[in-house]
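Every number for a ligand or one of its atoms is a count from 1 in the order of the listing.
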Amino acid sequence: MKPSEFRDKPVETNAPSADEVKYTTCYMCACRCGIKVHLKDGGIRYIEGNRNHPVNKGVLCAKGSAGIMQHYSPARLQKPLLRVGERGSGEFKEIEWDEALGIATDWLGRIRQSDPRKLAFFTGRDQSQALTGWWASQFGTPNYAAHGGFCSVNMAAAGLYTIGGSFWEFGEPDWHNTKYLLMFGVAEDHDSNPIKIGLGHLKTKGTAKFVSVNPIRTGYSAIADEWLGIRPGTDGLFVLALIHELLRAGKIDEEYLVRYTNAPWLVIQDEGAADDGLFARDGEGRAVVVDDATGALVDARDPDIVPRLAGAVTLADGRRAVPAFQLIAERCLQPRYAPDRAAAETGIPAATIKRIAAELAHAAFSESIVIEQPWTDWAGRRHERMVGRPVAMHAMRGISAHSNGFHTCRTIHILQMLLGSIDTPGGFRYKPPFPRPIPPGLKPAGHPHQINPGRPLAGPPLGFPTSPEDLLIDADGTPRRIDKAFSWEAPLAAHGLLHHVITNAWKGDPYTIDTLFMFMANMSWNSSMNTAGVIGMLTDRNAATGEYKIPRIIYSDAYASEMVAYADLVLPDTTYLERWDCISLFDRPICDAEGAADSIRQPVMTPDRDVRPFQDVLIELGARLKLPGLTKGDGTARYPGGYADYLVHHERKPGFGMLAGWRGADGAQHGIGAPNPRQLDAYIANQCFWRSEIPANARYFKHANRDYLDWAVGMGLLDKPEPVVLQLYSEILQKFRLAAEGHGAVQPPDEHRARVKTYFDPLPLWYMPFEEVAAGPDAFPLHAITQRPMAMYHSWGSQNAWLRQIHGENRLHINRKTAATLGIADDDWVYVTSHHGRIKVQAKLMEGVNANTVWTWNAIGKRAGAWNLAADAKEARRGFLINHIISELLPERGDGQRYANADPVTGQAAWYDLRVRVDKAPAEDQITEPRFAPLPTPPHLPKRPAILRYGARFRAARSRERQ
Ligand code: SF4
């Protein structure tokens with residue numbers, strides 16, 4: 001239009017942008033924000049954050065907005081595929097769903113009737129683990145897990161075994177009341193928008209200090225009031241030095257310790273005895289403490305006494321015992337944990353450590369927060385107000401993905417307890433369903449009597465061992481799971497060990513499998529260490545039989561990821577905008593500290609390809625396999641309506657279903673209630689989420705607040721209104737240590753004894769990461785780690801046309817001073833060498849990184865040809881993965897043993913322990929190494945456009961409307 005025409009026809013500022021707006025839940029990362037999808041002319045016009053949603057309150061990040069390009073990606077698979085060439089050749093033929101499901105049923109049916117363990121069913125970052133784990137149980141295999149073992153199980157396990165909750169996305173700082181936030185190694189994916197909103201609140205209010213502990217100053221660290229560029233793997237030592245200082249200064253909350261933790265519980269001191277290090281108990285099995293007023297031994301839960309925190313006592317049988325707190329204090333006051341000693345290892349000056357300790361103490365004890373809200377504790381004592389220590393902490397993968405991550409995370413929780421700041425005003429707050437009993441009551445199933453051909457597994461595949469008897473091992477100590485979770489190699493592997501499945505299945509260690517069934521797990525690329533090795537294992541054949549060593553691979557993915565080429569049968573999934581889904585309280589709920597909540601995804605688009613939601617496929621496969629939970633007595637499908645039908649009608653036990661909102665025949669019940677056939681309609685009417693507020697008198701001290709405990713029982717979150725006693729001292733760890741010392745019926749094989757004895761320490765502990773010890777300080781003098789960019793979520797985003805414009809390639813970031821000593825200038829090409837391999841990449845110099853550390857963005861590099869990108873796409877030529885030089889095994893020890901590159905308590909993959917050398921490389925072709933042969937594009941993928949444009953048709957339609 002000409003300018004004069006604008007005058008005559010003013011711009012419509014509030015024109016309807018859509019024919020229809022549908023609510024659902026974002027899935028561009030793990031955060032699960034509420035979104036409004038604007039639909040116009042049968043297409044997605046744009047995506048907007050839902051202001052009413054409890055997670056994001058309207059905030060939408062770059063990834064969430066770019067969901068349009070995820071939905072319209074040219075990499076979307078089109079139809080089921082059956083491999084016709086060699087594995088890895090990318091040669092497939094398209095088949096019909098009936099044939100695909102028939103093949104899968106045939107393969108899986110034979111296994112189930114002979115040995116269900118021959119199925120290894122593992123998923124990646126999916127959000128339907130409440131279904132997939134239950135399905136594995138119904139099938140009868142213990143060989144199931146999702147991706148937690150290579151993500152952050154150290155965080156989950158350390159939290160659940162110590163405070164009955166955890167950081168991750170299961171707890172949050174008290175954003176409105178905190179005066180001091182200490183954050184460790186947090187990337188921008190878990191709890192992403194809530195943390196951004198919370199940090200925005202802190203910065204706006206300006207009354208709290210935010211300290212970020214992270215080797216790299218990106219993301220949240222970039223806006224911190226103080227950045228501590230710690231050396232990777234030393235966070236636990238830093239925290240122990242803080243505790244050392246606080247103990248020396250007497251700045252601990254004794255009242256909190258006495259009321260809510262096992263600090264005063266007496267620990268038996270009888271070296272060599274079978275109960276050394278266990279709690280002294282009375283005839284009823286109750287832990288005992290010393291009553292300070294009388295000196296008598298009394299029940300630790302007696303609310304009318306004040307117990308002692310120090311001083312040895314003689315038990316009735318003449319043995320010595322001391323309060324747990326005394327052992328903790330003696331450990332933390334050791335000279336090796338003094339700030340002066342910790343400074344050299346951590347890279348944080350002793351004066352800074354002492355100052356931070358003093359600041360924590362000041363915030364906790366001189367700025368306490370009082371909320372004028374009466375409450376009643378578990379023993380019935382009324383408190384007139386809620387008084388809190390306003391120091392909050394949060395931590396995530398950066399401290400977790402180390403071989404000392406479990407103890408580091410446990411030590412942070414111990415620091416929180418000593419400051420009295422767990423679930424108090426201003427501190428760290430549990431989100432329902434946490435806190436839970438320590439640990440939660442589920443034990444992993446997989447003992448011989450629990451696995452029977454043709455029958456379900458007698459229990460869940462994952463759980464929480466509390467003693468060696470719970471381990472899934474044979475009489476000789478051989479692991480019973482293919483990933484060796486819950487064995488002596490990884491006793492508390494609460495999330496399973498996805499990163500070991502392919503290697504173990506290939507080796508036949510501890511046994512061979514028949515079928516590897518995977519969903520959303522890009523194991524031939526960015527989800528594996530030792531990528532080239534794993535590709536070799538997926539394609540390796542048995543010399544005698546000519547069969548693949550992993551005989552059958554079924555894979556489900558929505559996109560032509562690197563893993564598709566290695567599958568025998570490909571079951572194409574939908575995008576997240578084309579299916580029902582459920583963010584269940586059974587799985588990873590979206591609760592906040594003041595409310596329980598869950599949500600759904602509803603299909604906002606109809607697939608234009610011959611693809612099916614994986615969850616529907618799993619339910620149909622279950623019916624075809626006649627799994628008891630998925631068929632009726634007459635053999636017909638129990639959930640003929642697929643996942644939506646299951647979400648509404650499935651009950652774990654009477655009244656407990658996948659969704660907590662609008663239960664009961666009339667939809668009037670919440671939490672517990674009979675199935676409601678109109679439940680999904682109720683969710684859709686409420687913008688696809690449900691939330692129930694915690695009463696005001698139950699919002700803090702949840703672990704010991706009678707009103708919270710009663711509310712949680714009423715909601716079905718807890719079985720009993722029992723207080724959760726925080727475990728400053730871990731008796732469970734001591735039980736495993738005693739086994740390693742030769743006590744009990746179940747003991748580790750000799751090769752594991754010393755390791756279990758050392759690392760199952762009931763007290764806080766820091767040790768140097770294993771790879772650093774093995775590599776030595778000279779050959780590989782630098783740490784190499786990755787960071788999650790705000791605009792990407794693993795490999796998902798780096799095929800997205802809009803997000804690729806933000807991060808199309810990645811560099812190796814090096815501290816400018818370190819680079820100078822190596823003779824490396826900005827944009828130079830360098831070799832990065834570990835004990836396992838070498839990559840060639842381009843360097844970028846910066847100041848905001850620890851001098852001993854190099855880093856890059858995670859998962860930007862793509863294999864040429866994958867994701868329907870051009871073979872010469874920037875991601876393939878200029879992008880790279882650090883995974884190529886990370887080994888799943890540590891270097892060989894003197895005795896020939898090669899341990900997993902993992903935490904010895906949980907088995908968590910120690911991605912961030914990597915040590916490297918960096919040398920200048922010839923620039924030459926300006927292409928990253930290693931190079932892999934380009935993958936062919938699967939059949940019938942749309943032709944990739946040179947430039948992917950979107951939205952032009954809406955603009956054209958708008959112009960037409962204006963004229
Ligand atoms: S934070 Fe994650 S879930 Fe939320 S809008 Fe961004 S991508 Fe979506």
Which atoms of ligand 1 sit under 4.0 Å from any heavy atom of [X]?
X      : answer
Asn193 : 1 (S), 4 (Fe), 5 (S)
Cys26  : 3 (S), 5 (S), 7 (S), 8 (Fe)
Ser192 : 1 (S)
Arg32  : 3 (S)
Lys63  : 7 (S)
Leu60  : 5 (S)

Report yes or no: does Cys29 have an N/O/S atom closer than 2.8 Å to atom 2 (Fe) of ligand 1?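 Checking Cys29: at least one N, O or S atom is under 2.8 Å.
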
Answer with yes or no whether the side chains of [Y] and [X] bring together a donor and an acceptor at under 3.5 Å.
X      : Y      : answer
Asn214 : Ser212 : no
Thr906 : Asn154 : yes
Thr575 : His71  : yes
Gln129 : Thr123 : no

More than 12 heavy atoms of other residues, nucleotides or ligands under 6.0 Å from CZ of Arg51: yes or no?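 Count not over threshold, so no.
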
Cation over ring, Arg32 on Tyr27, under 6.0 Å and within 45°?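 Ring-cation test returns no.
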
Metal check, atom 4 (Fe) of ligand 1 vs Cys61 N/O/S, cut-off below 2.8 Å: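 It does not: Cys61 brings no N, O or S atom closer than 2.8 Å to atom 4 (Fe) of ligand 1.
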
So, applying side chain to side chain donor-acceptor pair (under 3.5 Å) with Glu875, which one of Lys862, His807, Arg804 is it?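 Option passing the side chain to side chain donor-acceptor pair (under 3.5 Å) with Glu875: Arg804.
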
Option set Gly49, Ala62, Ala66, Cys33, criterion heavy-atom distance to atom 4 (Fe) of ligand 1, minimum: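 Shortest heavy-atom distance from atom 4 (Fe) of ligand 1: Cys33.
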
